[in-house]
**Q** 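One structure, pasted below without further comment.
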Amino acid sequence: MGKKDNNEIEIDIQEILVYLRAHWYVLLVSAMVGAMLFYLVSAAVLPKKFQSATKIYVLNQQNQQTVTYTDLQTGTQLTKDYAELVLSRSVTTQVMADLDLQNRYTDMKELTPEELADMISVQTLTDTRVIKITVTDTIPTRAQDIANAVRKAASEHIYKVMD
């Protein structure tokens, strides 16, 4: 039979804690330097992102003066359908045309409707008839312009589609 080699290392937790307590300043300085490096790298390398949000309130178009529970339920269910229509190609193409994005901004020369849709997120707030549209961009005013244009184009598109 071969000889079994039992090389064991004993670690004393109390010894480690005493060492760390004696050298606390090294930990503090290391944490501060790490935080500053992380901040500098993120500020220099990562682009700043801004968000602009707008909301659409979904209401059934009725000539009645009273709103029934069924009308409210229908409106709530329709918000999910409408949220899908907000990100449709026809809406993003209309927004690009309305804002003339490809001519106004040099960084958007090659922008496609799909890439514009990636900048847009749509949420249907639970048990409400409100659709929240959020646009994320590197230029805050452009994010706001796109969000407002998406709301307008989506409203028109939804009106046409749902008649």
Side-chain angles (χ1 to χ4, degrees), residues 16-17 20-21 23-62 67 69-163:
I16 292 173
L17 291 175
L20 290 175
R21 182 179 279 168
H23 296 90
W24 64 270
Y25 55 91
V26 174
L27 290 172
L28 182 65
V29 170
S30 297
M32 290 174 64
V33 167
M36 286 193 318
L37 284 174
F38 179 74
Y39 171 75
L40 292 174
V41 167
S42 66
V45 175
L46 299 175
K48 290 179 174 55
K49 297 281 186 168
F50 300 94
Q51 288 187 334
S52 181
T54 186
K55 295 178 182 175
I56 298 176
Y57 183 71
V58 177
L59 185 62
N60 290 343
Q61 186 176 14
Q62 306 242 341
V67 178
Y69 178 74
T70 306
D71 294 334
L72 294 174
Q73 280 298 110
T74 304
T76 303
Q77 291 171 349
L78 285 175
T79 58
K80 295 173 186 162
D81 297 338
Y82 293 168
E84 290 299 316
L85 292 174
V86 169
L87 293 175
S88 68
R89 185 177 181 88
S90 58
V91 169
T92 54
T93 303
Q94 183 65 45
V95 168
M96 291 173 69
D98 288 349
L99 296 178
D100 196 20
L101 292 176
Q102 293 179 326
N103 293 326
R104 282 179 59 192
Y105 301 101
T106 57
D107 63 333
M108 296 193 134
K109 286 280 185 213
E110 304 296 322
L111 185 72
T112 65
E114 291 78 18
E115 291 170 337
L116 179 60
D118 289 341
M119 297 168 58
I120 303 166
S121 67
V122 180
Q123 291 177 306
T124 55
L125 305 177
T126 309
D127 295 331
T128 67
R129 294 179 292 159
V130 176
I131 299 173
K132 181 179 179 183
I133 302 169
T134 306
V135 176
T136 304
D137 195 7
T138 55
I139 301 173
T141 54
R142 185 169 64 191
Q144 180 183 14
D145 291 343
I146 292 172
N148 290 334
V150 167
R151 183 190 67 233
K152 181 178 179 258
S155 296
E156 292 169 0
H157 181 65
I158 289 167
Y159 186 77
K160 286 178 196 171
V161 169
M162 302 307 279
D163 195 30

**Q** Answer yes or no: is there a donor N or O on one side and an acceptor on the other, between the side chain of R104 and the main chain of L99, under 3.5 Å?
**A** yes
**Q** Looking only at heavy atoms, which two atoms of D107 and R142 are closest? And how far apart?
**A**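 Scanning both residues, the minimum pair turns out to be OD1-NH1, 2.9 Å.
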**Q** Go through the steps for L116 and I146 under the test side chain to side chain contact (heavy atoms under 4.5 Å, CB included), then give the verdict.
**A** CA-CA 9 Å; L116 179 60; I146 292 172; 4.1 Å; yes
**Q** Under 3.5 Å, side chain of K109 to main-chain N/O of Q102, donor-acceptor pair present?
**A** yes
**Q** Using every non-hydrogen atom in the two residues, find where V86 and V91 come nearest and quote the distance to one decimal.
**A**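 Smallest heavy-atom distance, with atoms named: O-CG1, 3.3 Å.
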**Q** Which heavy atom of A83 sits nearest a heavy atom of T124, and at what distance?
**A**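 Minimum heavy-atom separation between A83 and T124: CB-CG2, 3.7 Å.
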**Q** Return yes if some donor-acceptor pair links the side-chain N/O of T93 with the main-chain N/O of S90 below 3.5 Å, else return no.
**A**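 Side chain of T93 to backbone of S90, a donor-acceptor pair under 3.5 Å: no, none is there.
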**Q** Using side chain to side chain contact (heavy atoms under 4.5 Å, CB included), reason through I56 and I133 one step at a time and then give a plain yes or no.
**A** CA-CA 8 Å; I56 298 176; I133 302 169; 3.7 Å; yes
**Q** Run the salt-bridge test on D137 and K48 with the 4.0 Å N-O cut-off and return the result as yes or no.
**A** no
**Q** Any chance you could measure T92, atom OG1, to M119, atom CE, to the nearest 0.5 Å?
**A**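 Reported to 0.5 Å precision, the distance equals 11.5 Å.
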**Q** Please determine whether side chain to side chain contact (heavy atoms under 4.5 Å, CB included) holds for the pair H23 and Y25, giving the CA-CA distance in whole Å, both sets of side-chain angles, and the decisive distance to 0.1 Å.
**A** CA-CA 6 Å; H23 296 90; Y25 55 91; 3.8 Å; yes
**Q** Under a 4.0 Å threshold between the charged nitrogen and the carboxylate oxygen, would E156 count as salt-bridged to K160?
**A**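 So K160 does not pair with E156 through a salt bridge.
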**Q** Step by step, would you call Q51 with T136 a side chain to side chain donor-acceptor pair (under 3.5 Å)?
**A** CA-CA 4 Å; Q51 288 187 334; T136 304; 3.2 Å; yes
**Q** Please assess N148 against K152 for the test side chain to side chain contact (heavy atoms under 4.5 Å, CB included), listing each intermediate value before the final yes or no.
**A** CA-CA 6 Å; N148 290 334; K152 181 178 179 258; over 6 Å; no
**Q** Tell me whether the count of non-hydrogen atoms from other residues, nucleotides or ligands lying under 6.0 Å of CD in E84 goes above 12.
**A**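 No, the 6.0 Å shell around CD holds no more than 12 heavy atoms from other groups.
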